[in-house]
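As a basis for the values below, the full set of heavy atoms in this structure was taken, side chains included, without hydrogen atoms, waters or symmetry mates.
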Amino acid sequence: MGGANAPRRLSGMQKQVLALYRGFLRAARSKSPDDRRRVESIVSAEFRRGAGQVDRKNFLYIEYLLRRGKKQLDQLRSPDTTALSSLNFIPPSQSVDSRK
């Protein structure tokens with residue numbers, strides 16, 4: 001048990017992030033084929049960008065992103081919502097002056 005090939009256990013926060021990602025993909029299934037591809041593309045890009053730019057030890061910021069993502073997912077699940085828009089993602093480590 002726990003050998004070299006054993007899968008690594010995920011933390012609770014990692015499980016929450018994966019559940020949110022899967023939730024977005026499931027919600028995208030209820031949209032038209034074009035909107036579904038667009039939503040899947042945006043979700044994939046946002047999660048990949050966040051994985052590369054967010055410090056894994058910045059738990060407060062990750063919790064904030066999870067809360068924001070859950071609100072966006074609730075909006076996407078609404079039958080009136082047809083698509084998502086991409087957001088500009090700026091990690092908290094970058095100051096306002098460094099974006100110029």
Side-chain angles (χ1 to χ4, degrees):
M1 207 164 128
N5 293 332
R8 190 171 58 96
R9 295 186 78 144
L10 299 176
S11 71
M13 195 170 291
Q14 288 171 322
K15 289 177 183 178
Q16 288 178 352
V17 171
L18 290 173
L20 182 63
Y21 183 76
R22 286 191 308 268
F24 272 108
L25 296 182
R26 285 188 188 110
R29 290 185 204 151
S30 67
K31 307 303 176 190
S32 72
D34 287 339
D35 290 337
R36 178 181 178 169
R37 281 190 294 277
R38 199 172 306 120
V39 168
E40 288 172 348
S41 174
I42 290 171
V43 168
S44 176
E46 291 291 325
F47 273 79
R48 286 185 188 277
R49 186 171 39 202
Q53 292 182 349
V54 175
D55 179 16
R56 293 178 185 208
K57 294 181 181 175
N58 191 345
F59 302 119
L60 289 176
Y61 190 62
I62 295 169
E63 288 172 351
Y64 159 75
L65 291 175
L66 282 167
R67 284 191 306 274
R68 190 178 82 179
K70 288 176 185 175
K71 289 178 185 178
Q72 290 174 328
L73 179 56
D74 289 341
Q75 288 178 329
L76 181 63
R77 286 180 176 153
S78 168
D80 298 331
T81 305
T82 57
L84 286 177
S85 64
S86 182
L87 299 173
N88 289 333
F89 179 82
I90 301 169
S93 60
Q94 293 181 356
S95 67
V96 176
D97 295 332
S98 66
R99 288 187 282 157
K100 292 181 181 177

Exercise for review: Check whether any side-chain heavy atom of Glu63 lies under 4.5 Å from a side-chain heavy atom of Met13, and answer yes or no.
Suggested key: yes

Point to revise | Shortest non-hydrogen contact between Arg77 and Gly23, atoms and distance | key: NH2-CA, 4.3 Å

Point to revise | Heavy-atom side-chain proximity of Gln72 to Phe24 below 4.5 angstrom | key: yes

Study note, to complete from the structure: Exactly one candidate in Leu20, Leu60, Val54, Val17 meets side chain to side chain contact (heavy atoms under 4.5 Å, CB included) with Leu65; the answer is Val54

Point to revise | Side-chain donor/acceptor of Ser30 to backbone N/O of Ala27, under 3.5 Å | key: yes

Review point. Got a second to check how far Ile62's CD1 is from Gln16's CD, nearest 0.5 Å?
Key: 10.5 Å

Point to revise | Rounded distance (nearest 0.5 Å) linking atom CZ of Arg26 with atom CZ of Arg29 | key: 6.5 Å

Point to revise | Ser11 backbone acceptor or donor facing Gln14 side chain under 3.5 Å | key: yes

Review point. Tyr61 and Tyr64: aromatic ring centres closer than 6.0 Å?
Key: yes

Practice item. State, with a plain yes or no, whether a side-chain heavy atom of Lys71 is found less than 4.5 Å away from one of Gln75. Key: no

Point to revise | ILVMFWY network linking Leu18 to Ile42, side-chain heavy atoms under 4.5 angstrom | key: no

Review point. Does Arg37 pair with Glu40 as a salt bridge, N-O distance under 4.0 Å?
Key: no

Check your understanding: Does the pair Arg38/Asp35 count as a salt bridge with the N-to-O cut at 4.0 Å?
Key -> yes

Point to revise | Cluster check Leu10, Leu25: I/L/V/M/F/W/Y, side chain < 4.5 angstrom | key: no

